[in-house]
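Read the structure below first, then the notes.
All of these numbers come straight from a predicted model, not from anything done at the bench. Atoms considered below: every heavy atom in the structure, side chains included; atoms not considered: hydrogens, waters and symmetry mates. When a residue number appears, it is its place in the shown sequence, counting from 1.
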Amino acid sequence: MILRQLKAGTALLKISKDEKRKIFETDIETDNGDVISFFKAMEAGSETDEYYSQSVYVADVIQVAGDVDNLKVGDVVVVDYMADSAENKVAYYEGEEKVILLDVNTIFHTDDKIAFASMNSRMDTYTWRKGDVDTQSWIYAILRDGILAANNDYVLLEHKNLTWLAETKSGFSFFETEGDMVIRKVIASSPGSGVKVGDIIVVETYALLERSVQNFNFDIIMNIDILGSILI
């Protein structure tokens, strides 16, 4: 199904039933060639942290608004887990497959908003400032013709494990962990990020979001998460 007209700045994405099935089932081939499916986990309730990890984060672009120039029909995109779990993003269903409508780019406030002094607050306070994020895009990365790209407002980084097994000279094994800030290489960047592929940047550990699509494994950050670049 194609909608007659999309809201400006949005795209229709399809989440396939096969991607959903991969979360809960795994296929094992027996010695005689038969394929048996096993359930990997039970669904968690919405009040648990595991709830969102049950959601699909890969979708296919099936329609884009006329003003969108960084997405094309046929692209594969990496999206936030919330895109699959938020019912208000569902445009319609095609059988067991879900079609969602998302904003392609992050929307920023264009002016300041001040909450003036009142009985509840004795001082004027800013609700938000010009340039603060209004609505963050849930589309992080784009895979097109085997090339991985960052969606606007995001940067993709080379993934490295934050914890690894180390060994002392005496043979004692222990786990080594990176600190609160890490150094990573840029593998894809958006135009407004101020960095390019191959740059080495500093970022806080909490900002890293690991994702995989096809043969790519990478970390995602927002442009505003970049603390600085390292000259090499």
Side-chain angles (χ1 to χ4, degrees), residues 2 6-16 18-19 22 52 55-84 86 89 91 98-108 131 133-161 182-230 232:
I2 299 298
L6 291 186
K7 174 186 172 184
T10 63
L12 273 181
L13 315 175
K14 180 182 288 187
I15 296 175
S16 74
D18 288 336
E19 288 292 338
K22 290 177 186 177
Y52 294 106
S55 301
V56 174
Y57 63 80
V58 177
D60 299 313
V61 179
I62 61 173
Q63 188 178 353
V64 296
D67 63 335
V68 172
D69 56 9
N70 53 327
L71 280 187
K72 294 182 179 180
V73 173
D75 287 346
V76 176
V77 291
V78 175
V79 299
D80 193 282
Y81 278 136
M82 293 282 288
D84 183 25
K89 301 298 183 182
K98 180 189 297 184
V99 178
I100 57 177
L101 181 68
L102 295 184
D103 289 315
V104 174
N105 298 318
T106 296
I107 299 171
F108 297 89
V133 172
D134 180 5
T135 304
Q136 183 177 340
S137 173
W138 286 350
I139 302 175
Y140 298 147
I142 306 160
L143 183 62
R144 180 186 302 160
D145 298 328
I147 298 174
L148 186 66
N151 190 29
N152 289 347
D153 310 310
Y154 294 100
V155 176
L156 309 185
L157 307 176
E158 179 182 37
H159 173 72
K160 294 181 180 179
N161 291 332
V182 296
I183 298 172
R184 291 290 185 268
K185 182 168 71 173
V186 175
I187 62 172
S189 62
S190 48
S193 65
V195 296
K196 61 184 184 301
V197 174
D199 283 355
I200 307 298
I201 67 167
V202 180
V203 62
E204 290 185 284
T205 305
Y206 81 88
L208 300 174
L209 181 66
E210 182 186 359
R211 288 293 180 265
S212 299
V213 59
Q214 295 185 13
N215 61 328
F216 294 97
N217 187 36
F218 52 94
D219 288 327
I220 305 165
I221 62 171
M222 292 192 72
N223 294 346
I224 58 177
D225 294 324
I226 300 173
L227 299 179
S229 300
I230 295 178
I232 54 174

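Rounded to the nearest 0.5 Å, atoms CD1 (Ile230) and NZ (Lys185) are 13.5 Å apart. Residue Leu209 holds its CG atom at 7.5 Å from CG of Asp80, rounded to the nearest 0.5 Å. Atom-to-atom distance recorded for Asn105:CG and Tyr154:OH is 9.5 Å, nearest 0.5 angstrom. To the nearest 0.5 angstrom, Arg184 atom CZ is 10.5 Å from Ile221 atom CD1. The CD atom of Glu158 lies 10.5 Å from the CG atom of Asn217; values are rounded to the nearest 0.5 Å.
Between the side chain of Asp145 and the main chain of Ile147, no donor-acceptor pair closer than 3.5 Å is present. Of the possible donor and acceptor atoms, one in the side chain of Ser190 sits under 3.5 Å from a partner among the backbone N and O of Asp153.
Minimum heavy-atom separation, Leu143 to Leu148: CD1-N, 4.0 Å. Of all non-hydrogen atoms in Lys89 and Ala83, the two that sit nearest each other are CB-O, 4.4 Å. Closest heavy-atom contact between Ser193 and Asn223: CB-OD1, 3.3 Å. Residues Asp103 and Ser137 share a closest heavy-atom pair of O-OG, 3.1 Å. Taking every heavy atom of both residues into account, Gly9 and Ala65 meet most closely at N-CB, 3.8 Å.
Checked against salt bridge (charged side-chain N to carboxylate O under 4.0 Å, His left out), Asp199 has the following partners two or more places apart in sequence or in another chain: Lys196. For Ser189, there are no side-chain hydrogen bond (donor to acceptor under 3.5 Å, both in side chains) partners two or more places apart in sequence or in a different chain. Every residue meeting the salt bridge (charged side-chain N to carboxylate O under 4.0 Å, His left out) condition with Lys14, not counting sequence neighbours, appears here in chain and number order: Glu94, Glu97.
Just one of Val186, Val195, Ile200, Val202 meets the side chain to side chain contact (heavy atoms under 4.5 Å, CB included) condition when paired with Ser229; it is Val195. Tested against Leu13 for a side chain to side chain contact (heavy atoms under 4.5 Å, CB included), the candidates Ile139, Val99, Leu101, Ile62 yield a single pass: Ile139.
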### Task
Check the pair Val68, Thr10 against side chain to side chain contact (heavy atoms under 4.5 Å, CB included), reporting the backbone distance first and the verdict last.
CA-CA 7 Å; Val68 172; Thr10 63; over 6 Å; no

### Task
Verify side chain to side chain contact (heavy atoms under 4.5 Å, CB included) between Val64 and Val104, making sure each step is shown before the conclusion.
CA-CA 9 Å; Val64 296; Val104 174; 5.9 Å; no

### Task
Using the side chain to side chain contact (heavy atoms under 4.5 Å, CB included) rule, take Asn70 and Asn151 through it: C-alpha gap first, then chi angles, then the decisive distance, then the call.
CA-CA 8 Å; Asn70 53 327; Asn151 190 29; 2.8 Å; yes

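Using a 4.5 Å heavy-atom cutoff, the side chains of Ile201 and Leu157 are in contact.
Applying the ring pair (Phe, Tyr, Trp, His ring centres under 6.0 Å) rule to pairs touching residues 182-225 yields nothing, sequence neighbours excluded. Within the structure, salt bridge (Lys or Arg N to Asp or Glu O under 4.0 Å) pairs that include any residue of residues 56-76 comprise Asp75-Arg144 (at least two apart or interchain). Residue pairs meeting the salt bridge (Lys or Arg N to Asp or Glu O under 4.0 Å) criterion with at least one member in residues 202-230: none, sequence neighbours excluded.
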